[in-house]
Protein chains: 4
Amino acid sequence: MPSADNPRRSERSRAAILQATQELIREQPYGKISIEGIAARAKVGKQTIYRWWRSKGALVVDALHEQNAAGAQEAMALPDTGDLAADMRLVLRATVDEFTSPDFEPLFRALSIESLQDPALQQQIVERIYRPQFEFVAARFRSAQDAGQVRPDADLAVAFELFMAPMFYRWQSGAHTLTHDHADAVVDLAMRALAP
Amino acid sequence: MPSADNPRRSERSRAAILQATQELIREQPYGKISIEGIAARAKVGKQTIYRWWRSKGALVVDALHEQNAAGAQEAMALPDTGDLAADMRLVLRATVDEFTSPDFEPLFRALSIESLQDPALQQQIVERIYRPQFEFVAARFRSAQDAGQVRPDADLAVAFELFMAPMFYRWQSGAHTLTHDHADAVVDLAMRALAP
Amino acid sequence: MPSADNPRRSERSRAAILQATQELIREQPYGKISIEGIAARAKVGKQTIYRWWRSKGALVVDALHEQNAAGAQEAMALPDTGDLAADMRLVLRATVDEFTSPDFEPLFRALSIESLQDPALQQQIVERIYRPQFEFVAARFRSAQDAGQVRPDADLAVAFELFMAPMFYRWQSGAHTLTHDHADAVVDLAMRALAP
Amino acid sequence: MPSADNPRRSERSRAAILQATQELIREQPYGKISIEGIAARAKVGKQTIYRWWRSKGALVVDALHEQNAAGAQEAMALPDTGDLAADMRLVLRATVDEFTSPDFEPLFRALSIESLQDPALQQQIVERIYRPQFEFVAARFRSAQDAGQVRPDADLAVAFELFMAPMFYRWQSGAHTLTHDHADAVVDLAMRALAP
DNA sequence: CGCTAATCGAGACGGTACGTCCCGTCTTCAG
DNA sequence: CTGAAGACGGGACGTACCGTCTCGATTAGCG
């Protein structure tokens with residue numbers, strides 16, 4: 001994700017703003033983060049932020065994308081070993097790792113907060129984050145259906161959520177700790193539910 | 001839930017504040033709600049709010065409780081007909097209704113936003129909202145285990161989330177609409193996963 | 001000045017309130033003093049203050065009187081040695097001492113502030129503080145007129161102010177320091193002005 | 001007195017704030033005046049006031065200067081007719097007029113209240129208001145000394161106060177009304193005191 | 001290769017809300 | 001009924017940020 005479409009736009013500012021946003025979100029509760037604080041940290045005028053981002057939420061989305069671009073995007077690298085349970089175990093463990101990581105977790109948190117407050121942003125997130133992730137997994141599900149590991153009439157959207165929702169729910173509710181063991185247990189149950 | 005423990009506390013103010021909070025949360029985006037606005041609507045001094053509630057989040061928790069106290073608390077009235085699937089269908093449909101209701105949904109939304117911003121509040125919500133709900137359902141699960149409808153070694157916490165998490169996830173992600181049909185589909189899958 | 005007219009009135013409270021008022025006025029800038037602070041220091045309910053004093057100004061007036069009652073009231077003890085200049089030198093030096101004293105000065109200051117804000121209080125001060133002081137000095141002036149030390153047609157009010165106003169002015173303007181030498185210089189000039 | 005030293009500063013706001021301050025001080029008791037009220041009257045954000053003035057007192061000083069700048073500054077236009085008594089009569093009568101004017105009096109009052117509460121402001125007033133006025137009069141005194149109308153060894157500061165203090169004292173004590181006749185009487189006495 | 005228009009940093013501006021302090025009144029309970 | 005305690009509705013405080021708006025000072029790309 002280089003600069004943007006506008007050639008005049010300062011790449012230096014763009015990067016500094018997203019960098020500052022990531023850092024601040026990691027350093028303090030999201031409620032304490034202000035555009036002014038981001039501008040100051042990035043040594044940028046406030047207007048430069050307002051010029052290129054609609055809202056703090058949009059800024060958070062981009063900051064998260066920037067971070068994913070930097071990292072390996074493991075969560076999406078979904079292998080097909082022929083064993084769906086094994087493959088999903090990898091996916092869910094990676095999810096646990098992200099929900100646990102001090103680098104990612106605060107950004108997810110920020111994103112959740114913003115998406116709950118702004119329906120437009122919520123739809124944007126569905127399309128830019130949720131849907132791609134779903135499509136990757138759905139493809140793997142179809143392959144598993146062909147291999148007879150999943151009932152052919154299964155609703156893939158519901159199936160997808162059967163795996164992911166429990167992880168998300170635990171994270172957000174804070175009632176239990178997220179562990180690889182828990183991920184494995186969820187995969188076991190979900191596989192049983194989807195078995196032909 | 002009458003006044004509180006302090007006999008000096010004005011019941012009139014307490015009720016007016018919670019009432020105003022509920023109304024305002026329903027009328028406008030949560031981000032636009034201010035303590036000042038609540039105080040004005042309740043015809044109360046700001047200090048009276050700050051005296052009895054730590055934060056806007058704590059106020060939202062109480063407002064939700066007040067609303068539940070007023071209503072029938074159907075979600076918790078969990079029958080035991082001997083047919084777990086049927087009973088859980090009732091619970092999940094009631095959940096769908098709440099996530100859909102213009103009376104409840106904005107308050108849940110507000111609660112989620114606040115709990116994501118304040119770990120202390122999150123734990124309070126776990127204990128005052130999540131845990132009681134879980135215990136009700138867990139009791140029903142144990143009865144179903146006795147009746148041989150659920151595997152005796154099932155982790156009831158995971159089982160609980162297998163039902164509830166997909167509903168919550170759909171609501172928060174906004175990727176799909178919540179319907180009774182979807183609730184039924186989730187119950188079907190979850191029952192399959194838990195079957196002995 | 002014992003309790004007051006009401007026999008039910010608690011002498012203990014009355015004294016504690018005036019005591020607290022004096023102390024606080026000496027300890028901090030007058031603008032920071034609150035009724036609430038006085039009540040707390042005096043271990044008294046706020047209502048007890050509001051019951052017996054119209055305003056903070058009235059409280060200050062009483063606090064000053066209480067202090068004068070305790071002290072020697074030297075400023076008023078005006079001797080008649082036959083030498084008006086010498087006698088006035090005593091009066092003006094005593095005035096300098098009061099304007100300089102850490103016990104009195106803050107109370108005068110408080111009184112000035114209040115009287116500038118409340119015409120009713122200002123008149124009360126004229127009658128309870130200014131006028132008695134003037135009468136004492138005026139009596140001495142008349143005696144000096146009889147002795148031929150002061151012009152018989154002199155307006156005693158103007159004469160009085162000729163002595164006192166320069167002291168007051170220096171104190172309030174803060175442009176110069178108040179000293180006994182200055183008091184003597186003022187007496188010299190005023191005597192010259194009033195000489196037959 | 002145009003804007004200030006900072007070119008970014010809005011002249012429109014500066015003028016509106018001082019204007020509003022003057023108006024409000026004239027319209028109501030000083031104790032009822034709030035920064036908030038001034039900001040509202042001036043259609044200005046509170047921060048704009050706090051940005052450029054340390055305190056309400058500093059604002060009052062500037063408001064008074066603004067008013068003087070607008071008017072003729074008669075009090076300072078001190079003629080030298082060769083007759084000191086006549087010249088001083090003009091000055092003191094002008095002073096009476098100011099202490100009597102509904103335009104000036106409330107501002108002086110406000111200034112006195114503030115200066116009594118803030119030593120830093122008091123010193124500022126000495127330098128910006130008291131001292132210039134003194135210097136004008138002192139120059140006239142020196143000219144009178146050259147003309148043999150005033151004792152050559154007179155302390156000009158004390159002499160200045162001999163004229164001004166009685167006016168100020170009457171005004172602040174509220175014991176007597178201020179009139180031109182009184183001003184003339186004071187000049188007579190002071191001239192007698194200073195005569196060679 | 002200089003012109004000019006967009007972009008930049010900086011930060012003042014009119015506002016809204018914050019959380020706190022105090023006002024003067026009212027309510028409760030103890031003596 | 002007085003008095004200590006302190007909750008109450010309310011007004012203002014001084015601060016933090018909002019999103020908009022000038023200011024020069026770069027800084028491209030086009031002419």
Side-chain angles (χ1 to χ4, degrees), chain A residues 6-14 16-17 31-40 42-56, chain B residues 6-14 16 31-40 42-52 54-56, chain C residues 6-10 12-14 16-17 31-40 42-56, chain D residues 6-14 16-17 31-40 42-52 54-56:
Chain A
N6 192 323
R8 297 267 234 222
R9 179 166 181 186
S10 156
E11 170 58 18
R12 189 250 141 211
S13 297
R14 200 200 113 270
I17 290 165
K32 301 210 162 179
I33 285 167
S34 66
I35 297 279
E36 233 158 54
I38 293 169
K43 305 225 170 184
V44 136
K46 277 199 287 177
Q47 197 60 254
T48 304
I49 297 182
Y50 286 111
R51 199 171 359 248
W52 303 110
W53 286 277
R54 295 179 171 282
S55 67
K56 206 161 60 166
Chain B
N6 191 323
R8 300 247 221 259
R9 179 164 182 187
S10 156
E11 169 59 18
R12 188 255 141 206
S13 297
R14 199 200 113 271
K32 302 213 161 182
I33 285 167
S34 65
I35 297 277
E36 214 145 78
I38 293 169
K43 306 219 169 183
V44 137
K46 274 199 285 179
Q47 198 61 50
T48 301
I49 297 181
Y50 285 110
R51 191 158 21 236
W52 303 110
R54 295 178 172 283
S55 66
K56 207 160 60 167
Chain C
N6 191 323
R8 296 267 234 212
R9 179 167 181 186
S10 155
R12 189 251 140 213
S13 296
R14 200 200 113 271
I17 289 165
K32 300 210 163 179
I33 286 167
S34 66
I35 297 278
E36 235 159 51
I38 292 169
K43 305 225 171 185
V44 136
K46 277 198 288 176
Q47 198 59 255
T48 304
I49 297 182
Y50 285 111
R51 212 186 327 267
W52 303 110
W53 286 275
R54 295 177 172 283
S55 67
K56 206 161 59 166
Chain D
N6 191 323
R8 299 247 220 261
R9 179 163 182 185
S10 156
E11 170 58 20
R12 187 253 142 207
S13 297
R14 199 200 113 270
I17 290 165
K32 302 213 161 182
I33 285 168
S34 66
I35 298 277
E36 214 147 77
I38 293 169
K43 306 220 171 185
V44 137
K46 273 200 285 179
Q47 200 61 52
T48 301
I49 297 181
Y50 286 110
R51 188 153 29 231
W52 302 110
R54 295 178 171 283
S55 66
K56 207 159 61 166

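We name chains A, B, ... by the order of the sequence lines, and we start the count at 1 in each one.
Between C:G45 and D:K56, it is C:G45 whose nearest contact on DNA chain F lies nearer the 5' terminus. DNA chain E is contacted by both A:T48 and D:T48; A:T48 maps to the nucleotide lying nearer its 5′ end (nearest heavy atom per residue). In terms of position on DNA chain F, the residue among B:S13 and A:I33 whose nearest nucleotide sits closer to the 5' end is B:S13.
The shortest side-chain heavy-atom distance between B:T48 and B:R51 falls under the 4.5 Å cut-off. The side-chain heavy atoms of C:W52 and C:I17, taken from C-beta on, include no pair separated by under 4.5 Å.
In this view, C:R12 and C:S10, C:A16, C:K43, C:V44 satisfy the side-chain contact (heavy atoms from CB on, under 4.5 Å) rule, not counting sequence neighbours.
Closest approach of D:I35 to D:K56, counting heavy atoms only: CD1-CG, 4.2 Å.
A:R12 comes within 4.0 angstrom of the backbone, heavy atoms only, and of no base.
If one axis is set at each end of the helix from E:dC1-F:dG31 to E:dG31-F:dC1 from five pairs, those axes are 10° apart, to 10°.
Using a 4.0 Å cut-off, some side-chain N or O of C:R51 falls inside it from OP1 or OP2 of F:dG3. Residue D:W52 places at least one side-chain N or O closer than 4.0 Å to OP1 or OP2 of E:dC13.
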Q: Encode nucleotides 20-31 of chain F as B, S and - characters from 5' to 3', where the letter depends on protein heavy atoms closer than 4.0 Å: B to the base, S only to sugar-phosphate, - to neither.
A: BB-B----BS--
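Atom CD of B:E11 and atom P of E:dT28 are 14 Å apart (whole Å). D:K32 places its NZ atom 15 Å from the P atom of E:dC23, with the value rounded to the nearest Å. When rounded to the nearest whole Å, the span between CD1 of D:I49 and C1' of E:dC13 equals 13 Å. As a whole-Å value, the separation of B:I35 CD1 from E:dT16 C1' is 14 Å. In this structure, D:I38 atom CD1 and F:dG14 atom P are separated by 11 Å, rounded to whole Å.
A salt bridge (charged side-chain N to carboxylate O under 4.0 Å, His left out) with D:E11 is found for exactly one of D:R9, D:R14, D:R8, namely D:R14.
The side chain of C:E36 approaches E:dC23 more closely than any other nucleotide in the set E:dC23, F:dC17, E:dC13.
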